[in-house]
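To find a chain, count down the sequence lines: A is the first, B the second, and so on, and within it residues start at 1.
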2 protein chains.
Amino acid sequence: MDTLDQRIVSQLVTDARASYAEIGAVVGLSAPAVKRRVDKLLDLGILRGFTAVVDPEALGWGTEAFVEVHCHGNVPTHRIRSGLEPLPEVVAAYTVSGPADAIVHLRAADIHHLETALERLRAVEFISRTVSTVVLSRLLERPPQP
Amino acid sequence: MDTLDQRIVSQLVTDARASYAEIGAVVGLSAPAVKRRVDKLLDLGILRGFTAVVDPEALGWGTEAFVEVHCHGNVPTHRIRSGLEPLPEVVAAYTVSGPADAIVHLRAADIHHLETALERLRAVEFISRTVSTVVLSRLLERPPQP
DNA sequence: GGTGAAATGGCCTTTTC
DNA sequence: GAAAAGGCCATTTCACC
């Protein structure tokens, strides 16, 4: 993981469909050399994969919320994870410091769908209480700069 | 935006570097037809682009936090956006319902870097108060399923 | 560096309004 | 009949050994 790798990753974050030759032209490497490094980075898990950035509105996921989750007593991290994993509306989840045990990022088609998702979230056995914050508008969403 | 488009988008979310021929084989279209649709989806803004999914730890962004931002009086959305945009540690920001005005997702190298980022965030003129929640572990992070 | 495959543009056909 | 969308083909570029 040297400077060259970082620049390759940076290029791929900007445009994951760039050809190896294009990336090579930017970082000063031949196309095969770039491919070898990308393969290595995928192998090491530094690169997890490549995905399309989709406008959530356009796909009918217009409503989202952040939910503070409070659990009954001490629930191990992996149990929280496996409890949340089956809910398709959960796009991200984190265990956190502070009064809440976890923060769950929900994405739903509309308010009704969000309500349904929240009900199913609250039905997860170890969850005692939830505090929801509905997103009014997305101000900013971007990949972290290396 | 028909079923075919949705399936193409779904394929690209799964693997943004798949060839048009591979996508076409799955959805039942020729490679040029897939490309024409992808170009159209990019043009319409339904597809925003293609990015690499990077392990944040590996790139030295191991620490993150969610910050509730409270503003002085009524601050228009676009001012909040332009106030947060210059901070590189801000990976996402949303205006929200409830007591807070916005939720800011911060990503930093370590606790010290996070502290610096928080100080710079609190220095934004219209921000009166912040409530930080530090992420202990990432449980789940995935693209929304169409 | 050579071979095989992918991307891309042109052109024609088909379907639908 | 005109417009929209897909298939096929040819050329250039790229990926992989």
Side-chain angles (χ1 to χ4, degrees), chain A residues 1-62 88 91 107 109-110 141-146, chain B residues 1-61 141-146:
Chain A
M1 192 60 201
D2 56 7
T3 311
L4 240 34
D5 285 327
Q6 283 180 0
R7 291 172 66 198
I8 291 170
V9 168
S10 171
Q11 282 299 117
L12 285 168
V13 166
T14 305
D15 178 14
R17 282 189 77 82
S19 71
Y20 295 126
E22 282 170 333
I23 298 166
V26 174
V27 305
L29 239 52
S30 72
V34 174
K35 184 188 160 22
R36 275 194 291 271
R37 281 175 178 261
V38 171
D39 286 344
K40 193 192 67 188
L41 290 167
L42 283 167
D43 202 52
L44 291 171
I46 293 173
L47 281 174
R48 297 253 180 91
F50 307 99
T51 189
V53 182
V54 181
D55 179 9
E57 307 277 351
L59 256 105
W61 294 84
V91 290
R107 204 164 266 179
D110 49 44
E141 267 177 350
R142 60 184 176 195
Q145 340 275 19
Chain B
M1 192 62 201
D2 57 7
T3 311
L4 239 35
D5 285 327
Q6 283 179 0
R7 291 173 65 199
I8 290 171
V9 168
S10 170
Q11 283 300 116
L12 284 168
V13 167
T14 305
D15 178 14
R17 282 189 77 83
S19 72
Y20 294 127
E22 281 170 334
I23 299 165
V26 174
V27 305
L29 241 53
S30 73
V34 173
K35 183 191 160 22
R36 278 194 287 266
R37 280 176 176 261
V38 170
D39 286 344
K40 194 191 67 187
L41 290 167
L42 283 167
D43 202 51
L44 291 171
I46 293 173
L47 282 174
R48 298 254 180 90
F50 306 100
T51 189
V53 183
V54 182
D55 179 9
E57 306 277 352
L59 255 104
W61 295 85
E141 267 177 353
R142 60 183 175 195
Q145 342 273 19

Hey, what do you get for [atom1] ([X]) to [atom2] ([Y]), rounding to the nearest 0.5 Å?
| X | Y | atom1 | atom2 | answer |
| --- | --- | --- | --- | --- |
| B:Gln6 | B:Thr3 | CD | OG1 | 6.0 Å |
| B:Met1 | A:Leu59 | CE | CG | 4.5 Å |
| B:Leu41 | B:Leu12 | CG | CG | 8.5 Å |

**Request:** Mind checking side-chain hydrogen bond (donor to acceptor under 3.5 Å, both in side chains) for A:Arg37 and listing every partner two or more places apart, or none if nothing turns up?
**Result:** A:Asp2, A:Asp5

**Prompt:** For the residue pair B:Ala33 and B:Leu29, what are the closest heavy atoms and their distance?
**Reply:** CB-CG, 3.8 Å

**Message:** Can you give me the bend angle of the helix from C:dG1-D:dC17 to C:dC17-D:dG1? Use the axis through the first five pairs and the one through the last five, nearest 10 degrees.
**Reply:** 20°

With the criterion being N/O to N/O and under 3.5 Å, what pairs connect the protein with nucleotides 7-9 of chain C, and how long is each?
from  : atom 1 : to      : atom 2 : distance (Å)
C:dA7 : OP1    : B:Tyr20 : N      : 3.4
C:dA7 : OP2    : B:Tyr20 : N      : 3.1
C:dT8 : OP2    : B:Lys35 : NZ     : 3.4

N/O donor-acceptor pairs under 3.5 Å from side chains in residues 43-54 of chain A, not counting sequence neighbours:
from    : atom 1 : to      : atom 2 : distance (Å)
A:Arg48 : NH2    : B:Asp55 : OD1    : 3.0
A:Thr51 : OG1    : B:Val13 : O      : 2.7

Show every donor-acceptor pair shorter than 3.5 Å between a side-chain atom in residues 16-26 of chain A and any protein atom, with sequence neighbours excluded, or say none if there are none.
from    : atom 1 : to      : atom 2 : distance (Å)
A:Arg17 : NH1    : B:Ala16 : O      : 2.7
A:Arg17 : NH1    : B:Ala18 : O      : 2.7
A:Arg17 : NH2    : B:Ala18 : O      : 3.2
A:Ser19 : OG     : A:Glu22 : N      : 3.1
A:Glu22 : OE1    : A:Ser19 : N      : 2.9

**Request:** Shoot me the first and last contacting nucleotide of DNA chain D against chain A, ordered 5' to 3', at under 4.0 angstrom to non-hydrogen atoms.
**Result:** D:dC14 to D:dC16

